[in-house]
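First up is the structure itself, then whatever we jot down about it.
Just so it is clear, the structure is predicted and the values come from calculations on it, not from any experiment. FYI, side chains are in, hydrogens and waters are out, and symmetry mates aren't considered; it's all heavy atoms of this structure. Per chain, numbering begins at 1; letters A, B, ... match sequence-line order.
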Protein chains: 2
Amino acid sequence: MSVKPEGAREANLDHKLSTLLFEHFQVERRNWSSACHEHGITLPQAHLLRLLRTGRPVKMNGLAEALDCDASNVTGLVDKLETRGFIQRQSAPGDRRVKMIALTKEGQLFRAKLWSQLTQPAPSLTALPLADKQTLLRIVQAMIRSESKS
Amino acid sequence: MSVKPEGAREANLDHKLSTLLFEHFQVERRNWSSACHEHGITLPQAHLLRLLRTGRPVKMNGLAEALDCDASNVTGLVDKLETRGFIQRQSAPGDRRVKMIALTKEGQLFRAKLWSQLTQPAPSLTALPLADKQTLLRIVQAMIRSESKS
DNA sequence: ACGCAACCATTGACAATGGCAACTATCGAT
DNA sequence: ATCGATAGTTGCCATTGTCAATGGTTGCGT
């Protein structure tokens with residue numbers, strides 16, 4: 001016992017931090033979701049929209065992989081966004097199997113509007129002191145880096 | 001133009017940070033979800049379980065409020081967890097309308113097991129240097145505080 | 001004591017998400 | 001030419017989540 005008390009304290013810190021994040025994300029998710037609903041779409045649809053950049057169509061499979069979900073799920077999401085007129089299925093030049101998903105003019109506009117709202121209304125975030133924001137940015141980037149490696 | 005360039009830079013920082021968090025949480029959520037599924041429950045059910053402490057029953061309405069969702073939704077979640085034997089509906093002493101939800105012996109055990117897994121497997125988090133963890137903890141706590149005030 | 005509004009939990013109906021299996025069309029390699 | 005692999009779609013199912021409506025219960029005002 002009492003081997004490495006700092007180690008134990010650090011493990012405890014991990015635990016507390018994970019719990020807080022788990023808790024906090026649940027709340028944040030609701031905020032994001034309701035922001036999306038104000039614009040007439042849903043959170044998963046917004047995540048799909050997030051992956052699309054102007055002039056850079058992505059194939060269905062690429063979306064499925066990026067969203068880490070089944071391809072059939074993407075079909076449904078694309079259906080809805082296409083009905084709304086925000087994206088369109090294009091045929092790929094070399095392969096008639098693949099469909100490239102591209103933002104429409106309307107979609108670009110909508111995406112920009114949605115995004116400015118979606119990335120701003122976290123008062124809990126904007127209220128942070130500048131130094132904390134910079135630190136947080138650095139930490140989150142480190143976390144994402146270590147995540148994509150696994 | 002060129003009014004408060006630092007202000008503009010800070011707004012840009014907010015934007016970048018929000019985007020990263022939005023992106024990162026999507027990934028983290030998948031990890032949590034699959035961890036839950038390994039234990040045979042789902043993420044929303046885990047969130048409900050999170051709210052229950054041994055010896056501290058919570059009424060349905062309290063759960064609905066804490067989860068920020070419709071009461072009818074809670075009914076369904078409680079149904080499933082009760083079927084699994086993790087929780088049970090108790091009648092409240094003073095009011096025959098309310099039902100208190102309490103952890104069973106099995107539920108306590110399960111919750112502990114689930115929790116130790118759920119709060120640990122974020123390698124992107126445990127890999128952070130100690131100082132970053134402490135800073136992150138402080139920041140997240142500040143964010144949660146500012147959130148509950150709104 | 002009576003009536004009535006408010007409250008708690010549940011139910012039913014509905015849309016959206018997400019996973020799995022089956023299917024069609026297409027490609028690529030042999 | 002054939003065969004296995006790949007891309008996207010479809011159907012089916014379980015779960016989540018919201019809304020409206022219901023039954024039972026409470027508490028208050030009169």
Side-chain angles (χ1 to χ4, degrees), chain A residues 25-27 29-50 57-84 86-102, chain B residues 25-27 29-50 57-84 86-102:
Chain A
F25 277 146
Q26 159 88 336
V27 178
R29 185 179 157 83
R30 299 304 290 242
N31 294 339
W32 285 325
S33 181
S34 59
C36 288
H37 278 285
E38 287 176 22
H39 289 264
I41 68 171
T42 61
L43 194 50
Q45 289 167 24
H47 271 291
L48 194 156
L49 232 37
R50 167 173 67 82
V58 182
K59 45 183 239 178
M60 299 285 296
N61 244 345
L63 293 174
E65 195 173 344
L67 294 173
D68 190 28
C69 70
D70 197 88
S72 65
N73 193 4
V74 177
T75 298
L77 295 175
V78 168
D79 280 349
K80 288 180 190 90
L81 288 172
E82 194 175 31
T83 301
R84 296 279 311 262
F86 295 150
I87 61 179
Q88 59 181 3
R89 291 171 160 91
Q90 299 174 343
S91 48
D95 194 331
R96 267 188 303 180
R97 290 172 302 177
V98 328
K99 299 204 177 119
M100 306 296 287
I101 310 304
Chain B
F25 277 145
Q26 159 87 337
V27 178
R29 185 180 155 83
R30 301 304 289 237
N31 294 340
W32 284 326
S33 181
S34 59
C36 288
H37 277 286
E38 287 175 22
H39 289 265
I41 69 170
T42 61
L43 194 50
Q45 290 167 23
H47 271 292
L48 195 156
L49 231 37
R50 167 173 68 82
V58 182
K59 46 184 237 179
M60 299 285 297
N61 243 345
L63 293 174
E65 195 174 342
L67 294 173
D68 190 28
C69 70
D70 197 87
S72 65
N73 194 6
V74 177
T75 298
L77 295 176
V78 167
D79 280 348
K80 287 178 190 92
L81 288 173
E82 194 175 31
T83 301
R84 296 277 313 259
F86 296 149
I87 61 180
Q88 59 181 3
R89 291 170 160 91
Q90 299 174 344
S91 49
D95 193 331
R96 267 188 303 182
R97 288 171 302 179
V98 327
K99 298 205 177 121
M100 307 297 287
I101 309 305

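- Considering only side-chain atoms of B:Asn61, the nucleotide from D:dT18, C:dA21, C:dC8 that sits closest is C:dC8.
- Between D:dT18 and A:Arg30, a contact under 4.0 Å exists linking OP1 or OP2 to a side-chain N or O.
- To the nearest angstrom, C1' of C:dG19 lies 16 Å from CD of B:Glu38.
- When rounded to the nearest whole Å, the span between CG of A:Leu63 and C1' of C:dG18 equals 16 Å.
- A donor-acceptor distance shorter than 3.5 angstrom exists from the side chain of B:Glu82 to the backbone of B:Arg89, with no hydrogens or angles considered.
- In this structure, A:Leu48 atom CG and C:dA16 atom P are separated by 15 Å, rounded to whole Å.
- Residue B:Ile41 contributes atom CD1, which lies 16 Å from atom C1' of D:dA14 at whole-angstrom precision.
- Side-chain N or O atoms of B:Arg29 include none that pairs as donor or acceptor with a backbone N or O of A:Arg29 at under 3.5 Å.
- Picking from D:dT16, C:dT10, D:dG11 the nucleotide with the shortest atom distance to the side chain of B:Pro44 gives D:dT16.
- Where A:Arg29 and A:Val78 meet DNA chain D, the nucleotide closest to each residue was compared, and A:Val78 sits on the side nearer the 5' end.
- Following rounding to the nearest Å, B:Leu43 (CG) and C:dT17 (P) show an atom-to-atom distance of 17 Å.
- For A:Thr42, a side-chain nitrogen or oxygen approaches OP1 or OP2 of C:dT17 to under 4.0 Å.
- Distances from the side chain of A:Thr75 to the nucleotides D:dT10, D:dA7, C:dT17 place D:dT10 closest.
- For D:dA14, neither phosphate oxygen OP1 nor OP2 lies less than 4.0 angstrom from any side-chain nitrogen or oxygen of B:Lys80.
- The distance between atom CG of A:Asp70 and atom P of D:dC13, rounded to the nearest whole Å, is 17 Å.
- DNA chain C is contacted by both B:Asn73 and B:Arg97; B:Arg97 maps to the nucleotide lying nearer its 5′ end (nearest heavy atom per residue).
- Of the options B:Ile87, B:Leu63, B:Leu48, a side-chain contact (heavy atoms from CB on, under 4.5 Å) to B:Val58 is made by B:Leu63 and by none of the others.
- Dashed line: the shortest gap from a side-chain N or O of B:Lys59 to OP1 or OP2 of C:dC7 is not under 4.0 Å.
- Straight-line distance from the CD atom of A:Gln45 to the P atom of C:dA15: 15 Å, rounded to whole Å.
- When all heavy atoms are compared, the tightest approach of A:Pro57 to A:Gln90 is CG-OE1, 3.9 Å.
- In terms of heavy atoms, A:Asn31 sits closest to A:Ser34 at O-OG, 3.0 Å.
- Considering only side-chain N and O atoms, A:Arg89 lies under 4.0 angstrom from the phosphate OP1 or OP2 of D:dT9.
- The side chain of A:Asp95 lies closest to C:dT26, out of C:dT26, C:dC8, D:dT15.
- Put simply, NZ on B:Lys99 is 10 Å from P on D:dT25, counting in whole angstrom units.
- The phosphate of C:dA9 (OP1 or OP2) has no side-chain N or O of B:Arg96 nearer than 4.0 angstrom.
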